[in-house]
Protein chains: 2
Amino acid sequence: MATLSQRHVVIERSQLPDLCVGCDSRAASVCNAIEDRDMARLAAITTSSEAPVGRVFIQEGESADNFFNITLGTARLFKLLPDGRRQITGFVGPGHFLGLAVSDTYAFSAEAMEPVRFCRFSRPRLRVLLDDFPALEKRLLEVAATELVAAQEQMLLLGRKTAVERLASFLLAQSVMGVPCGHPRAHLTLKMTRGDIADYLGLTIETISRTLTRLRNERLIDIPSTTDVIIRNHAALVNLAGGLNRSPTA
Amino acid sequence: MATLSQRHVVIERSQLPDLCVGCDSRAASVCNAIEDRDMARLAAITTSSEAPVGRVFIQEGESADNFFNITLGTARLFKLLPDGRRQITGFVGPGHFLGLAVSDTYAFSAEAMEPVRFCRFSRPRLRVLLDDFPALEKRLLEVAATELVAAQEQMLLLGRKTAVERLASFLLAQSVMGVPCGHPRAHLTLKMTRGDIADYLGLTIETISRTLTRLRNERLIDIPSTTDVIIRNHAALVNLAGGLNRSPTA
DNA sequence: CGGTCACTTGATCGTCTTCAATACCAGTGG
DNA sequence: CCACTGGTATTGAAGACGATCAAGTGACCG
């Protein structure tokens, strides 16, 4: 088990570019954020497991006994209302930590979108580890702060942006996902369904579909297939999205 | 300066009840979260300042040079869109830390709702302090995690709840604000305007007003003055709000 | 080839917004 | 004491954006 998860960790790190050391978005990746020796120590106390597509491997409200470190695949994080309305709070991939919940229960659910492999370790064990490696704790704090900033941006989106603006913001965010420093990608391959996007942006499937075709008709994007989007007019999208982290001139 | 802020800190702590040591919501207060000796050390490197009502003492997009620790008063945190639309991400009072931003610029603005007094200290200084006191860092992590959970709850509210549900959730949240463990207060005195509430809940002033009167007509609340709300039917509000952190039965 | 699932597109509906008028309250100065 | 002012809240009427309801298309797969 230990050796298995250890190998995953190594694979993870070797996949990541070694440049971009001083980059902002580097903090977003927990993988990059942890020293090699810490990662080894981390791997030693984890148990690796897998979740098939559709499996909810973290259930909101259940006892938050474990921390998770995704090593492969993608998952959606979401919260539900009693009548089934769903809000997706994020999509997470390799390198992401889950389970920072303070209370004794998880604050959200996590469901595998692709087959997901993750390392799991108990809270007490993490506590010990954090005591031994303050650097790890520092990094975790950075990660939490990064997510907090992202959450605030999402609040702005959900509370104040129109449908087009939300979709523009979403596409732009997707275009820089996993691109540490360089230029944003123009070709996106979405791993989520329209329903996922809708529940992430606080809209409905139909509105997502309509708005996408509208953006296509206005030549801002192309949609070669339902999973692929090509950004044709990046500047216009940025403008629509509300400047994308601009400093307000008002 | 140092002695001044130190006195504030002492005042802060003495105002807080010493019970409720094992309580969940204790983590939300940074004041409670820091050891006495750490607080003294903290106070030693801070400079205390004040902001009059309406003063924006943190500006989104500006260089994030300082951390802030509110010691008196209340402030609204918000983000703006280029055309002036505002999303309030939170209301913060004494004990709250600000400036956890990872990037080199603040991710939000902060404006004094009442006269605000705060201790300010530079990031490098905080870094030194965190190195000396791992316990402080651990607490900060808890605080960040708590805020993250709150942010996710707010995303659910903004993305998926109706106007009544949002207002019900808001009133209930207000009723437990500053009440660490005990029963929620029935009598609320709101420090924010309708406009603030609107920008916090992703609605308009008019909708807030209408929805409040609707709740009053349905005998769920009373509104003795524009700033005061009395919760008459707590259970009904909880039901409206969507169970309030319930574990979804679906 | 039939079935399922996801997506698209159209028509209608409802909630919240927008626009507008009025009421309210505190502070200020005549 | 009362009129005046500016900010804030309430209430009404009309409008818009997105939701809902519904039908149809296309891709994938047994």
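Please read all numbers here as calculations on a predicted model, not as lab measurements.
A donor and an acceptor atom sit less than 3.5 Å apart, one in the side chain of R210(A) and one in the base of dG10(C).
Here D222(B) does not pair with R216(B) in a salt bridge; the nearest charged N to carboxylate O distance is not below 4.0 Å. Between D199(B) and R160(A) there is a salt bridge, since a side-chain N of the basic residue sits under 4.0 Å from a carboxylate O of the acidic one. A salt bridge links E165(B) and R85(A); the closest N-O separation between the charged side-chain nitrogens and carboxylate oxygens is under 4.0 Å. Under the 4.0 Å criterion applied to side-chain N and carboxylate O atoms, K79(A) and E60(A) are assigned as salt-bridge partners.
An OP1 or OP2 oxygen of dT11(D) is reached within less than 4.0 angstrom by a side-chain nitrogen or oxygen of T213(B).
Heavy atoms of T207(B) sit under 4.0 angstrom from at least one base atom. Nucleic acid contact class of L203(A) (heavy atoms, under 4.0 Å, all strands): sugar-phosphate only.
Look at CD1 on I205(B): it is 13 Å from P on dG7(D), rounded to the nearest Å. Rounding to whole angstrom units, CD of residue E206(A) and P of dT9(C) are separated by 13 Å. Summarising the geometry, the separation between CD1 on I223(A) and C1' on dA27(D) is reported as 16 Å, rounded to the nearest angstrom. In this structure, K161(B) atom NZ and dC16(C) atom P are separated by 14 Å, rounded to whole Å. In this entry the distance linking CG of L212(A) with C1' of dT9(C) reads 14 Å, nearest Å.
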